[in-house]
Amino acid sequence: MTGRLDYLVNTDDDKEKAAKRLASLAAFQRKVILHALTFPAVTDLVYSTCSIHCQENEGVVTEVLEKVGDRFELVQAMPDWHHRGDSTYACGPLCVRAGPDDGTNGFFVAHFQRKEPIVSQSLAASIPKREHGQQRTVSTSTSRKRKHVRRPVTSS
């Protein structure tokens with residue numbers, strides 16, 4: 001499945017544009033992850049892409065860990081999954097990777113976990129506890145829409 005559109009990127013100019021786009025995506029993803037990890041209530045963050053490119057996957061994870069490794073660590077994602085990340089990266093064995101051999105276009109998963117929680121006791125008490133694999137339910141309130149009443153235009 002991957003490579004099915006490679007014929008569209010057949011010139012050096014196209015390949016250069018694709019490389020720039022990949023670098024831009026990786027930079028954006030890194031920025032989003034680093035921002036998300038600044039929130040005190042974040043204890044776990046799962047990073048997932050629909051990509052087979054190391055630059056977007058293990059490369060991003062490695063760069064993020066260089067910046068937040070004092071507060072977050074990588075833990076094994078989906079322990080029962082048979083394909084792990086690229087072993088040329090230190091983070092590879094803890095990540096999940098799939099590609100065309102798995103019947104997908106490609107995906108990647110990494111699980112960051114805070115080393116020591118820094119949330120206050122009152123905030124921690126308000127966060128519902130859950131068992132591994134159990135979905136957390138979040139209640140949301142729906143806002144009421146105002147009724148728009150049409151009034152005839154009157155001339156004076």
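For the single chain, residues carry numbers from 1 onward in sequence order.
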List the atom pairs, donor and acceptor, that lie under 3.5 Å between side-chain atoms in residues 60-67 and the rest of the protein, sequence neighbours left out.
unit_1 : atom_1 : unit_2 : atom_2 : d
Thr62  : OG1    : Glu58  : O      : 2.8
Glu63  : OE1    : Arg30  : NE     : 3.1
Glu63  : OE1    : Arg30  : NH1    : 2.8

(request) Can you see which heavy atom on Cys95 is nearest to which on Ala110, and at what distance? (result) SG-CB, 3.9 Å

(request) Determine the minimum heavy-atom distance between Leu45 and Ala36, stating which atoms define it. (result) CD1-CB, 3.5 Å

(request) Could I get the full list of side-chain hydrogen bond (donor to acceptor under 3.5 Å, both in side chains) partners for His83, not counting sequence neighbours? (result)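 Listed in chain order: Asp102.
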
(message) Restricting to side-chain hydrogen bond (donor to acceptor under 3.5 Å, both in side chains), what partner residues turn up for Gln113, sequence neighbours left out?
(response) Asp44

(request) Examine Leu37 and Val75 and state if one hydrophobic cluster contains both, with Ile, Leu, Val, Met, Phe, Trp and Tyr joined whenever side-chain heavy atoms are less than 4.5 Å apart. (result)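 Result: no, two separate clusters.
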
(request) Report yes or no: do Tyr47 and Val42 belong to one cluster of Ile/Leu/Val/Met/Phe/Trp/Tyr joined by side chain heavy-atom distances under 4.5 Å? (result)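 As far as the 4.5 Å side-chain criterion goes, Val42 and Tyr47 are connected within one cluster.
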
(message) Would the distance check show the side chain of Ser87 and the main-chain N or O of Gly92 forming a donor-acceptor pair, the cut-off being under 3.5 Å?
(response) no

(message) Has Lys115 got a side-chain atom pairing as donor or acceptor with Gly69's backbone, closer than 3.5 angstrom?
(response)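 Between the backbone of Gly69 and the side chain of Lys115 there is a qualifying donor-acceptor contact (under 3.5 Å).
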
Atom pair [atom1] ([X]) and [atom2] ([Y]), whose distance is rounded to the nearest 0.5 Å:
{"X": "Ile33", "Y": "Phe72", "atom1": "CD1", "atom2": "CZ", "result": "11.5 Å"}
{"X": "Ile52", "Y": "Arg97", "atom1": "CD1", "atom2": "CZ", "result": "7.5 Å"}
{"X": "Cys54", "Y": "Phe108", "atom1": "SG", "atom2": "CZ", "result": "8.5 Å"}

(message) Testing the 3.5 Å rule here: is there a donor-acceptor pair between the side chains of Glu56 and Thr49?
(response) no

(request) Among Ile, Leu, Val, Met, Phe, Trp and Tyr joined by side-chain contacts under 4.5 Å, find the other residues sharing a cluster with Trp81 and list them by chain and number. (result) Val46, Met78, Val96, Phe107, Val109

(request) If you link ILVMFWY side chains whenever their heavy atoms are less than 4.5 Å apart, which other residues fall into the same cluster as Phe28? By chain and number, please. (result) Val32

(request) Answer whether the closest heavy-atom distance between the side chains of Asp14 and Glu16 falls below 4.5 Å. (result) no

(request) For the residue pair Asn57 and Ser51, establish whether any side-chain heavy-atom pair is separated by less than 4.5 Å. (result) yes

(message) Under the salt bridge (charged side-chain N to carboxylate O under 4.0 Å, His left out) definition, can you give me all pairs with a residue in residues 76-94, not counting sequence neighbours?
(response) none

